[in-house]
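Worth knowing before you read on, the calculation uses all heavy atoms, side chains too, and leaves out hydrogens, waters and symmetry mates.
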Amino acid sequence: MEGNLTRAEHEEFARRMTAENKRLEDENTRQNRRLEQLENTVNQIVVQQLTTLTGTIQALKTSVDNTIKEQAAIGERVKKLEDKDGDMWRTAVKYVLSAVLGGVVVFIMSRIGIS
């Protein structure tokens, strides 16, 4: 009878196994509930972060667009300033050339006796 179980031993074993299985089921249920809550919390955080990131990206896009517009305006002003200096230089060269040419004409006219 050493290897055989008595009916009472078998029933005690079955009762303990049923209790252990119930405990494990309860533990699984509790863990599943905790995981579900954790997943919900993570999803809320992700949605919140994505919303914040989207807003930040939109603000950055607006800032870049404004910077591009401002850079274009600055480029136009620089071009006008560069052209202004170039126009002034060309005008000065014209006056100098006109004066030199006038001087040459006066010199030639004085040599040939027209003046």
Side-chain angles (χ1 to χ4, degrees):
M1 272 305 264
E2 192 175 308
N4 295 334
L5 293 176
T6 64
R7 180 83 173 151
E9 290 173 330
H10 176 69
E11 287 175 3
E12 178 62 23
F13 177 77
R15 187 188 58 76
R16 286 184 184 182
M17 289 306 295
T18 301
E20 181 63 16
N21 286 339
K22 174 69 173 133
R23 187 191 69 76
L24 290 174
E25 275 183 39
D26 292 345
E27 180 73 16
N28 285 342
T29 302
R30 190 176 80 250
Q31 293 295 350
N32 287 340
R33 217 175 301 122
R34 290 177 67 195
L35 283 173
E36 185 178 329
Q37 289 173 351
L38 182 61
E39 286 173 350
N40 290 337
T41 302
V42 168
N43 286 336
Q44 288 173 357
I45 291 170
V46 167
V47 167
Q48 183 182 20
Q49 292 298 320
L50 285 176
T51 302
T52 302
L53 184 60
T54 301
T56 302
I57 289 172
Q58 185 62 35
L60 183 60
K61 180 188 177 300
T62 302
S63 177
V64 168
D65 289 345
N66 291 338
T67 301
I68 289 171
K69 289 176 186 175
E70 184 65 26
Q71 187 178 13
I74 289 171
E76 289 176 17
R77 289 192 301 242
V78 167
K79 183 166 177 30
K80 286 179 184 178
L81 287 173
E82 288 172 346
D83 289 345
K84 184 177 180 180
D85 288 345
D87 289 341
M88 289 176 60
W89 176 253
R90 284 188 285 277
T91 302
V93 168
K94 285 180 190 177
Y95 287 135
V96 169
L97 286 177
S98 296
V100 169
L101 186 59
V104 169
V105 169
V106 169
F107 177 74
I108 291 174
M109 291 174 83
S110 68
R111 285 288 191 190
I112 58 173
I114 295 183
S115 57

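Put simply, CG on N43 and CG on L38 are 9.5 Å apart, with the number rounded to the nearest 0.5 Å. To the nearest 0.5 Å, atom OG1 of residue T6 and atom CD of residue E11 are 8.5 Å apart. To the nearest 0.5 Å, atom CG of residue L35 and atom CZ of residue R30 are 11.5 Å apart.
The list of side chain to side chain donor-acceptor pair (under 3.5 Å) pairs with a residue in residues 45-74, not counting sequence neighbours, reads K61-D65. A side chain to side chain donor-acceptor pair (under 3.5 Å) check over residues 15-26, counting only residues at least two apart or in different chains, returns the pairs E12-R15, E12-R16, E20-R23, K22-D26.
No side-chain heavy atom of N32 sits less than 4.5 Å from a side-chain heavy atom of E36.
Through ILVMFWY side-chain contacts below 4.5 Å, L24 is grouped with nothing and stands alone. Through direct or indirect side-chain contacts shorter than 4.5 Å among Ile, Leu, Val, Met, Phe, Trp and Tyr, V78 is connected to I74. By the 4.5 Å side-chain criterion applied to Ile, Leu, Val, Met, Phe, Trp and Tyr, L97 is assigned to a cluster that also includes W89, V93.
Remark: V104 engages V100, I108 in a side-chain contact (heavy atoms from CB on, under 4.5 Å) (not counting sequence neighbours).
Side-chain heavy atoms closer than 4.5 Å link hydrophobic residues (I, L, V, M, F, W, Y) into clusters, and following such links, even through other members, never connects I45 to L50.
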